[in-house]
Amino acid sequence: MKKGILLIVGLLLMVAGAVAQDSYNENLTTVARIGPKFPEGDRSHYGLWAKDRLLDRPVKKPKFESPEDSLRKVALFVHYCGKAFEYYSQKDAANTVLYGDSALSTGFDNRDLYLFMGYSYEALGDDAHANECFKTAKKRGFPSAKFAYSEFKKRKKARKKAAASL
């Protein structure tokens, strides 16, 4: 008997709580329907209208037009990169740079390629491009790129010193 009365009282409390919660939710929806006093998106009253244009992120074009295009460019990258490595092993700096740039223009890259191109640019006397290639190889985590970059800077400094003494 006591259990039955407790059960009924418990059910009444649950129903009363649910009714109270529903009425609270109705109040929230009526407040939400009133909405803001200013039109949506108009922030000129805050002086933020200029920032809206700056915060819009530019839409990036996809790197490749289709999966077939991607596969074609991978094949080109492998071909050009292989040629660049072959010419680097033959100590042909001009062709290493030529094929290396062609490989990078496909949209793919390789940290070894940047290091080899850095040495090749240095051999051709283009220190600005060599510097960029060594920096990129270092950023990409090539194991010996940090040492190669520091040695390049030393050689560059020595060349400047020698040119100044003439």
Side-chain angles (χ1 to χ4, degrees), residues 21 25 28-29 31-166:
Q21 189 174 6
N25 286 342
L28 285 178
T29 55
V31 169
R33 281 188 211 135
I34 293 171
K37 295 179 181 177
F38 300 100
E40 187 172 329
D42 179 23
R43 297 191 213 171
S44 59
H45 55 281
Y46 290 122
L48 298 174
W49 57 272
K51 288 185 181 179
D52 286 346
R53 287 199 180 107
L54 296 175
L55 295 177
D56 289 343
R57 295 178 187 242
V59 177
K60 290 185 179 180
K61 289 183 177 180
K63 204 173 204 180
F64 305 108
E65 295 172 7
S66 66
E68 293 82 18
D69 183 42
S70 174
L71 292 173
R72 184 179 57 80
K73 288 192 177 183
V74 166
L76 280 174
F77 173 76
V78 169
H79 173 72
Y80 290 145
C81 197
K83 286 281 196 182
F85 289 164
E86 180 183 333
Y87 284 120
Y88 180 77
S89 68
Q90 296 171 4
K91 302 197 183 316
D92 185 354
N95 281 324
T96 301
V97 168
L98 178 74
Y99 280 100
D101 281 336
S102 297
L104 293 176
S105 71
T106 62
F108 296 97
D109 62 0
N110 184 334
R111 61 187 185 180
D112 302 345
L113 183 61
Y114 281 112
L115 188 68
F116 295 158
M117 284 178 59
Y119 284 127
S120 298
Y121 274 125
E122 184 182 8
L124 293 172
D126 190 355
D127 286 343
H129 281 104
N131 191 25
E132 289 301 315
C133 287
F134 282 124
K135 278 184 182 178
T136 305
K138 184 179 162 187
K139 284 180 192 174
R140 300 291 164 95
F142 192 78
S144 62
K146 187 175 182 180
F147 177 74
Y149 183 56
S150 65
E151 291 297 313
F152 164 72
K153 290 194 294 189
K154 288 177 188 175
R155 289 189 301 269
K156 185 177 172 183
K157 192 174 185 180
R159 281 193 301 269
K160 280 187 180 181
K161 189 175 182 180
S165 67
L166 292 177

**Q** How long is the straight-line distance from NZ of K138 back to NZ of K135, given to the nearest 0.5 Å?
**A**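 Going from the NZ atom of K135 to the NZ atom of K138 covers 8.5 Å.
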**Q** Identify the heavy atoms of T96 and M117 that sit nearest to each other, and give their distance.
**A**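 So the minimum-distance heavy-atom pair works out to O-CG, 4.4 Å.
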**Q** Any heavy-atom pair between the side chains of S70 and F108 that's under 4.5 Å?
**A**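 Side-chain contact under 4.5 Å: yes.
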**Q** Please report whether the ring centroid of Y87 lies less than 6.0 Å from that of Y99.
**A**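 That pair passes the under 6.0 Å test.
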**Q** Enter the distance from K73:NZ to Y80:OH here, rounded to the nearest 0.5 Å.
**A**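 Answer for the NZ-OH pair, K73 versus Y80, is 11.0 Å.
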**Q** For residues Y88 and S120, report the shortest heavy-atom separation together with the two atoms involved.
**A**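 Nearest pair, atom of Y88 first, then S120: CD1-OG, 3.8 Å.
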**Q** Looking at CG of L76 and NE2 of H79, how far apart are the two atoms once the value is rounded to the nearest 0.5 Å?
**A**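 These two atoms lie 7.5 Å from each other.
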**Q** Identify the heavy atoms of D112 and N110 that sit nearest to each other, and give their distance.
**A**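 Nearest pair, atom of D112 first, then N110: N-OD1, 3.0 Å.
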**Q** Please lay out, stage by stage, how K161 and K157 fare under the test side-chain contact (heavy atoms from CB on, under 4.5 Å).
**A** CA-CA 6 Å; K161 189 175 182 180; K157 192 174 185 180; 5.8 Å; no
**Q** If you compare all heavy atoms of C81 against all heavy atoms of A103, which two are closest, and at what distance to 0.1 Å?
**A**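 Nearest pair, atom of C81 first, then A103: N-CB, 3.9 Å.
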**Q** Is there a side-chain contact between R155 and F152, using heavy atoms and a 4.5 Å cut-off?
**A**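 The answer is yes; the side chains approach within 4.5 Å.
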**Q** Applying the salt bridge (Lys or Arg N to Asp or Glu O under 4.0 Å) criterion to D127, which one of R159, K156, K160 satisfies it?
**A**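 Exactly one option meets the salt bridge (Lys or Arg N to Asp or Glu O under 4.0 Å) with D127, and it is R159.
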**Q** Working to the nearest 0.5 angstrom, can you tell me the gap between N95 CG and E86 CD?
**A**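 Answer rounded to 0.5 Å: 9.5 Å.
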**Q** Check whether any side-chain heavy atom of S144 lies under 4.5 Å from a side-chain heavy atom of L115, and answer yes or no.
**A**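 Counting from C-beta outward, S144 and L115 do come under 4.5 Å.
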**Q** In terms of the angle between their ring planes, are F134 and Y149 parallel, tilted or perpendicular, with boundaries placed at 30° and 60°?
**A**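 F134 vs Y149 ring planes: tilted.
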**Q** Please name the pair of heavy atoms, one in L113 and one in A84, separated by the smallest distance, quoted to 0.1 Å.
**A**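 It is CD1-CB, 3.9 Å.
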**Q** Might you point out which heavy atoms bring A123 and A93 nearest each other, and give the distance in Å?
**A**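 Distance-wise, the nearest heavy atoms are CB-CB, 4.1 Å.
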**Q** Please say whether more than 12 non-hydrogen atoms of neighbouring residues, nucleotides or ligands are located less than 6.0 Å from NZ in K146.
**A**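 12 or below, so no.
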